[in-house]
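Structure record follows, encoded as structure tokens.
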Amino acid sequence: MTAYFNLQFENGLLHFINQVKLPGCVEYVQTDSFDRIAEAIERLEIRGAPAIGIAAAYGIALSQKNGISGERFAAAFGRLARTRPTAVNLFWALQRMRNFYNDHSAGITFELLLAEAVAIHTEDIHHCEAMGINGLPIFTKVSNVITHCNTGKLAVGGEGTAFNVIRTGWLNKMVAHVYADETRPLLQGARLTAFELSMNNIPYSLISDSTAGFLMKQGKVDLAITGADRIAGNGDSANKIGTYGLAALCKFHNIPFYIAAPSSTIDRSIASGDEIPIEIRSEDELLCLNSQRIAPENARAYTPAFDVVPAGLISGIITEEKLHLPPYNFV
Ligand code: MRU
């Protein structure tokens, strides 16, 4: 077991690790304010698709802590929904809390809403475990694995999506080594995945994103696995910018590329990835590094936070239900 947590609800407060400060500083924040939770999601203090949804569910419950108010519920819902557009888990969790609120009408209480948020959190813990087990068949031999962004405990309620497939493979002696993309521009790989691999004693090398192709050419990668922020009905999957490039490299080198995500990441209302809204982040996230400007003063940047991997590049999608193989048809 690892000695850090991501999200925990205790004594009327949501406790969360401030991911912006990792790995140098392990700092926990406590709040009972939905607005502070929304701010944390915007700033990426809380990040990763399932974790955003769980935190938003706690935010909705907390908006009713000092008395039930439909007006405050709507304000919290709107504020949280405006934080980040791509990860569908956010909207899934918000909608589930709204349905719960409406279904209980006059009998609704803070305690009931909190219990529903805890249920969302607890289900995610179980879904992470199931993904770890359902992913085991992808390791047909002791494998060297490449991953992108962060999909571990820091991104979810449990032990991770893609990260927990890797971790479960490692615990079952089917993973030899992990190559973690640094994940420019915000370095979720270098700061967070490397931190979590270290905490789990899994052997790894950090690589710059641009090293992946050369590594594959050298025969050092057996398979790739990442998470997802939104999966369309046909299996097209949005994930951290750079995932599409990684999947295309895998195709070129004949290396299987897998996605692991809970079914709350599947958006059955959209047919293809063309309909996935892609978040554009502040240009400063690319133009600056550690608050230091690295590009000329007049430089502009293009900063999509996510890209979409076409279903045709995905060898399998691991959910808590099973390993889905192509063709995908989530309806
Ligand atoms: O911008 P982020 O750090 O929230 O992006 C996160 C990712 O792209 C993850 O790969 C995805 O949310 C899956 S997390 C289990």
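All residue numbers in this chain count up from 1 along the given sequence. No hydrogens, no waters, no symmetry mates; every other heavy atom, side chains included, goes into these values. Remember, it's 1-based here, ligands and their atoms both numbered in the order they're listed.
Look at Asn150 and you'll find a heavy atom under 4.0 Å from some atom of ligand 1.
Close contacts between ligand 1 and Ala49 involve ligand atoms 12 (O), 14 (S) [criterion: under 4.0 Å to a heavy atom]. Listed by number with element, the atoms of ligand 1 under 4.0 Å from a non-hydrogen atom of Asn239 are 7 (C), 8 (O), 9 (C), 10 (O), 11 (C). Atoms of ligand 1 found under 4.0 Å from any heavy atom of Gln188, numbered from 1 in the order shown, are 1 (O), 2 (P), 3 (O). Residue-ligand proximity, Arg84 to ligand 1, at heavy-atom distances under 4.0 Å covers atoms 1 (O), 2 (P), 4 (O). Taking every non-hydrogen atom of Ala155 and a distance limit under 4.0 Å, the qualifying atoms of ligand 1 come out as 14 (S), 15 (C). If you number the atoms of ligand 1 from 1 as listed, the ones under 4.0 Å from a heavy atom of Thr151 come out as 10 (O), 15 (C).
Comment: Asp267 engages Arg230 in a salt bridge, judged by a side-chain N to carboxylate O separation of less than 4.0 angstrom. Of the charged side-chain nitrogens involved, at least one lies within less than 4.0 Å of a carboxylate oxygen, so that Glu45 and Arg36 count as a salt-bridged pair.
Comparing Cys149, Gly152, Ala228, Pro50 by heavy-atom distance to atom 13 (C) of ligand 1, the nearest is Ala228. Of all the listed residues (Thr161, Asn164, Thr226), Thr161 holds the heavy atom that lies closest to atom 15 (C) of ligand 1.
Ring geometry, Phe73 versus Phe77: the interplanar angle falls under 30°, so the pair is classed parallel (tilted spans 30 to 60°). Below 30°, between 30° and 60°, or above 60°: for Tyr28 and Phe5 the angle between ring planes is below 30°, a parallel geometry.
An N or O contact shorter than 3.5 Å is missing between Val156 and ligand 1 by distance. Distances between N or O atoms of Lys240 and those of ligand 1 include at least one value under 3.5 Å.
When atom types are taken as modelled, the side chain of Thr86 and the backbone of Pro277 share a donor-acceptor pair closer than 3.5 angstrom.
Leu136 approaches Thr168 most closely through the heavy-atom pair CD2-O, 4.0 Å.
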